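Note sheet for the following structure.
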Amino acid sequence: MSRQKGSKGQNLQLLLTAGIGSDHVDLNAAAAAGLTVAEVTGSNVVSVAEDELMRILILVRNFLPGHHQVISGEWNVAGIAHRAYDLEGKTVGTVGCGRIGKLLLQRLKPFNCNTLYHDRIKMDPELENQIGAKFEEDLDAMLPKCDIIVINTPLTDKTRGLFDKDRIAKCKKGVLIVNNARGAIMETQAVADACSSGHIAGYSGDVWNPQPAPKDHPWRYMPNQAMTPHISGTTIDAQLRYAAGVKDMLERYFKGEDFPAQNYIVKEGQLASQYR
Ligand SMILES: NC(=O)C1=CN([C@@H]2O[C@H](COP(=O)(O)OP(=O)(O)OC[C@H]3O[C@@H](n4cnc5c(N)ncnc54)[C@H](O)[C@@H]3O)[C@@H](O)[C@H]2O)C=CC1
């Protein structure tokens, strides 16, 4: 929903996202026009966190080439095993540690990894202690420590293109990256080049720039990728939750009632803090 499209809706008042992530709306234009933007905050966070854990394991264990061998009639254990590792003992860092980031860190705990997180906000000490992750204020200081990096920030003016050529170069050689947040947080060609050179040893995610990804998108053809279409937040369980959330907000809207406070992304000209 661009500024131009929004301005055509003379009676437009409300924009609802059936899920999480309202970067498809020009939020500054919506704020200036006095529109309300809301999403079903929390509706698919478990679905995404579970999916991230799956992608980490798929990359660490070098699962996909093994599966492809089965389909193509091959049997070559050494061809898989030379790049397969245990997750135990590896350092996993999340860039962004809101709802999804925290759920991922909680799910990683029994795997006995070292976990780090970078966010604008440090967790309260009790929760941090319970989750067992260390806060890294400086993103560029965290990156070289990580064997696995997971992206969990919204797409904002500050995170667009955050992982360009220079920042990827700061990551450990052979890093694995999981990104279910937004494709545009990465520079497309920089990721493809780093996968080709082996600096990134594996990249997996479900978000692309643009979407739907065109047939010639470089991430379809780069080596060591485990990409899917945008599916991680669309399990049947998630669909039930965000459908119910949209219905609830529409009912409240027509009764003149407020939405749950955490659902507002733009309200009375103000952007929610995670988008500022
Ligand atoms: N692939 C999919 O199907 C889905 C993707 N998502 C994406 O995941 C994102 C995160 O979702 P939640 O965890 O629910 O959001 P959240 O709002 O709970 O957490 C986002 C975190 O990112 C941090 N953050 C924002 N800007 C930052 C910056 N510049 N540097 C460091 N940290 C920053 C915030 O402080 C916050 O802790 C969504 O905005 C959406 O883009 C969400 C749901 C489904």
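Remember, it's 1-based here, ligands and their atoms both numbered in the order they're listed. The first residue of the sequence shown is numbered 1, and numbering continues consecutively from there. None of these values were measured; they are calculated from a predicted model.
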N/O to N/O below 3.5 Å, does that happen between Gly233 and ligand 1? yes
If only atom types and distance count, is the side chain of Asn152 paired as donor or acceptor with the main-chain N or O of Ile100 below 3.5 Å? no
Assess whether atom CZ of Arg107 is packed by more than 12 heavy atoms of other residues, nucleotides or ligands within 6.0 Å. yes
For ligand 1, note which part of Arg120 has a heavy atom under 4.0 Å away: side chain, backbone, both or neither. both
Closest protein heavy atom to atom 9 (C) of ligand 1, given as residue, atom name and distance to 0.1 Å: Thr153 O, 4.0 Å
Using 30° and 60° as the class boundaries, would you call the ring planes of Tyr117 and Phe135 parallel, tilted or perpendicular? tilted
How far is atom 13 (O) of ligand 1 from the closest protein heavy atom, and which atom is that? Ile100 N, 2.9 Å
Out of Arg160, His230, Gln262, whose heavy atom sits nearest atom 3 (O) of ligand 1? His230
If we only count N/O pairs under 3.5 Å, is Ser232 in contact with ligand 1? yes
Tell me the protein heavy atom at minimum distance from atom 7 (C) of ligand 1, and give that distance in Å. Ala181 O, 3.6 Å
Counting N and O atoms only, with roles assigned by atom type, does the side chain of Arg220 sit under 3.5 Å from a partner on the main chain of Ala213, one being a donor and the other an acceptor? yes
Whether Arg83 side chain and Asn62 backbone form a donor-acceptor pair below 3.5 Å: no
Starting from atom 16 (P) of ligand 1, find the nearest protein heavy-atom neighbour and note its residue, name and distance. Arg99 NH1, 3.8 Å
Would Lys165 and Glu187 satisfy salt bridge (Lys or Arg N to Asp or Glu O under 4.0 Å), going step by step from the backbone distance to the final call? CA-CA 8 Å; Lys165 193 173 167 227; Glu187 266 191 11; over 6 Å; no
Side-chain donor or acceptor of Thr115 paired with backbone N/O of Gly132 under 3.5 Å: yes
Atom 23 (C) of ligand 1: which protein heavy atom is closest, and how many Å away? Asp119 OD2, 3.3 Å
Atoms of ligand 1, numbered as shown, that sit under 4.0 Å from any heavy atom of Cys97: 37 (O)
Side chains of Glu74 and Ser72 only: does a donor on one sit below 3.5 Å from an acceptor on the other? yes
Out of Thr41, Asn152, Val48, Val45, who gets a non-hydrogen atom closest to atom 4 (C) of ligand 1? Val48
What is the closest protein heavy atom to atom 29 (N) of ligand 1, and at what distance does it sit? Thr159 CG2, 3.5 Å
Distance from atom 5 (C) of ligand 1 to nearest protein heavy atom, with residue and atom: Asn180 O, 3.2 Å
Less than 4.0 Å between a side-chain N and a carboxylate O, is that true for Arg252 and Asp258? no
Give a yes or no answer on whether the side chain of Gln69 reaches the backbone of Asn76 with a donor-acceptor pair at less than 3.5 Å. yes
Starting from atom 38 (C) of ligand 1, locate the nearest protein heavy atom and write down its residue, its atom name and how far away it is, to 0.1 Å. Ile20 CG2, 4.0 Å
So, 4.0 Å and heavy atoms of Asn44: is ligand 1 close enough to count as a contact? yes
Atom indices of ligand 1 within 4.0 angstrom of Gln274 heavy atoms, with elements: 17 (O), 25 (C)
